[in-house]
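Below is one structure, written out as structure tokens; comments come after it.
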There are 2 protein chains.
Amino acid sequence: MSTEPGPRRRGVAETTAAIERAAIDLVTEHGYDQVTVDMICQAAGISQRTFFNHFKTKDAALLGTDEPAIDQQAAREFIVSDGPLLAEAAGLVRIEPDRLPADPSLIMRRINAVSQNPVLLARQMERLTAIEDELRQIIALRLRQDALRDGADEAELADLPEQAEIVTHLLAGLMRYVGMSWARAAAAGTPPPIGTEHLAERLERVIRKLG
Amino acid sequence: MSTEPGPRRRGVAETTAAIERAAIDLVTEHGYDQVTVDMICQAAGISQRTFFNHFKTKDAALLGTDEPAIDQQAAREFIVSDGPLLAEAAGLVRIEPDRLPADPSLIMRRINAVSQNPVLLARQMERLTAIEDELRQIIALRLRQDALRDGADEAELADLPEQAEIVTHLLAGLMRYVGMSWARAAAAGTPPPIGTEHLAERLERVIRKLG
DNA sequence: GTCACTGTTGCAGTCACTGCATTCAAACCT
DNA sequence: AGGTTTGAATGCAGTGACTGCAACAGTGAC
């Protein structure tokens with residue numbers, strides 16, 4: 001029909017990357033509401049059906065395939081550590097490096113796009129809830145370690161699961177904070193946003209007030 | 001045309017309530033995915049256009065018009081109090097009584113429906129973010145009070161806004177916990193779910209571990 | 001060459017949601 | 001009472017996200 005010979009055989013990874021790039025570019029230029037899936041498809045040179053073969057939703061394409069996950073090695077160390085709980089726990093959540101887009105500038109543009117769109121920001125935050133379960137189990141183990149170390153009684157041990165849940169939710173809130181400040185710094189042009197180290201001292205001060 | 005004489009003049013409130021009731025009933029019976037807006041409209045005896053005149057989205061009809069809000073009187077007391085910060089702050093968020101549905105059993109059915117649907121649960125949680133801004137300002141005022149009382153220095157005062165944001169996010173996580181346990185208790189049939197009083201002692205124990 | 005595999009596609013259809021113009025009952029006015 | 005205004009409800013046509021299905025075309029294996 002045209003000069004393009006049927007299906008482009010460029011492999012899953014390339015097509016996926018092309019979609020992500022097109023999506024970010026368009027949203028950066030026109031804003032979230034003004035961009036349709038059809039526009040993204042056209043820019044990426046694929047059909048709409050192909051788009052939805054690669055991404056479950058329009059939002060997913062904008063957020064990318066790199067999801068936050070728990071660093072298993074760090075989790076093992078965290079469980080037996082006796083350092084500041086929240087600050088250490090905040091360091092558990094990472095993004096798997098091999099899932100990151102090949103083009104590094106894409107990350108920056110994505111952070112920019114996401115931080116300027118309430119809808120995307122909300123979706124981004126929702127992703128964190130996906131790992132909350134895993135997180136809760138790790139925190140339960142850590143609390144158990146702490147309790148045993150302190151020689152806790154029966155009643156206190158029984159309350160640990162519930163406490164783990166509270167801590168997990170507190171932590172989820174904290175991760176949202178980290179995400180937001182990261183996005184904000186990125187949007188403002190400040191190059192390397194905060195890590196969790198910077199957070200530790202501040203958290204300590206905050207927690208002292210909570211009692 | 002039919003026996004029904006044109007548009008039912010039953011007032012906004014009644015129609016809204018009818019939609020809410022129909023929505024909850026259907027989702028309770030068939031599950032979220034199996035219920036379409038058309039079905040809700042038919043059950044409520046209205047047109048689809050009317051549905052969207054009353055609710056912005058399908059989700060909104062299921063969650064109801066009663067949104068969480070900050071109790072202004074409680075907020076004023078909170079700012080000058082020197083009690084446990086997080087536990088007290090968790091008590092600030094209420095649902096305006098006059099916004100609650102007339103039929104009390106509707107609330108129970110709604111909590112049940114929402115707690116069994118991840119999508120709705122997520123939307124419910126999103127609503128909390130709407131008041132986070134207001135919350136942050138109140139917490140900033142409270143932190144300022146605390147700081148002045150303790151005779152804080154210049155540097156510490158400058159850090160207060162950032163601290164207020166951290167506390168707000170921690171608190172947001174905590175409110176999600178309260179909401180979840182409430183929903184869980186309701187789903188399990190346990191009649192009166194926890195209040196924030198019950199939370200206070202537990203929180204104290206948790207926070208002691210966070211340092 | 002044939003065959004299985006896989007990435008891609010078109011198409012038809014569903015569902016959520018919107019803008020616009022219209023209708024009808026009730027309240028208001030004279 | 002008769003005319004006007006108002007506000008809830010509606011029909012309709014259209015957009016945009018998303019799905020299921022069947023088909024098609026390069027790619028590599030035998």
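B:Gln73 and B:Arg76 form a side-chain donor-acceptor contact under 3.5 Å, judged by distance and modelled atom types alone.
Atom CD in A:Glu14 sits roughly 13 Å away from atom P in D:dT27 (whole-Å rounding). Summarising the geometry, the separation between CZ on A:Phe55 and C1' on D:dT19 is reported as 18 Å, rounded to the nearest angstrom. Distance B:Asn53 CG to C:dA21 C1': 13 Å, rounded to the nearest Å. In this entry the distance linking CG of A:Asp59 with C1' of C:dA16 reads 15 Å, nearest Å. Going from atom CD1 of A:Ile19 over to atom P of C:dT9 covers 9 Å, rounded to whole Å. Atom pair A:Gln48:CD and C:dT9:P shows a separation of 12 Å (rounding to whole Å applied). For the pair B:Phe51 CZ and D:dC12 C1', the computed distance is 19 Å after rounding to whole Å. With rounding to whole Å, A:Lys58 atom NZ is found 14 Å from C:dA16 atom C1'.
Listed for the B:Thr16 side chain is a donor-acceptor partner under 3.5 Å among the backbone atoms of B:Val12. Remark: the backbone N or O of A:Ile111 is paired with a side-chain donor or acceptor of A:Ser115 at under 3.5 angstrom. The main-chain N or O of B:Phe78 is found under 3.5 Å from a side-chain atom of B:Arg142 such that the two form a donor-acceptor pair.
For A:Val12, counting side-chain heavy atoms from C-beta on, the closest listed nucleotide (C:dT18, C:dT9, C:dG7) is C:dG7. In the set C:dG10, C:dC17, D:dC18, the nucleotide with an atom closest to the side chain of A:Ser47 is C:dG10. For B:Thr50, taking side-chain heavy atoms from C-beta onward, the closest of the listed nucleotides C:dA16, D:dA9, D:dA17 is D:dA9.
The one candidate from A:Asp146, A:Ile138, A:Leu143 that meets the side-chain contact (heavy atoms from CB on, under 4.5 Å) condition with A:Ile79 is A:Ile138. The residue from B:Asn117, B:Leu62, B:Leu63 that alone fulfils the side-chain contact (heavy atoms from CB on, under 4.5 Å) condition with B:Arg123 is B:Leu63.
Phosphate contact (OP1/OP2 of D:dA8, side-chain N/O of B:His54, threshold under 4.0 Å): absent.
Across all strands shown, D:dT5 is found opposite C:dA26 as a Watson-Crick or G-U wobble partner, with both distances under 3.5 Å.
Crowding of B:Gln42 atom CD: a count of heavy atoms from other residues, nucleotides or ligands under 6.0 Å not exceeding 12.
Residues from residues 25-39 of chain B lying near DNA chain C, meaning a heavy-atom separation below 4.0 Å, are B:Val35, B:Thr36, B:Val37 in numerical order.
Comparing B:Arg49 and A:Thr57 by the nucleotide of DNA chain D that holds the closest heavy atom to each, the one mapping nearer the 5' end is B:Arg49.
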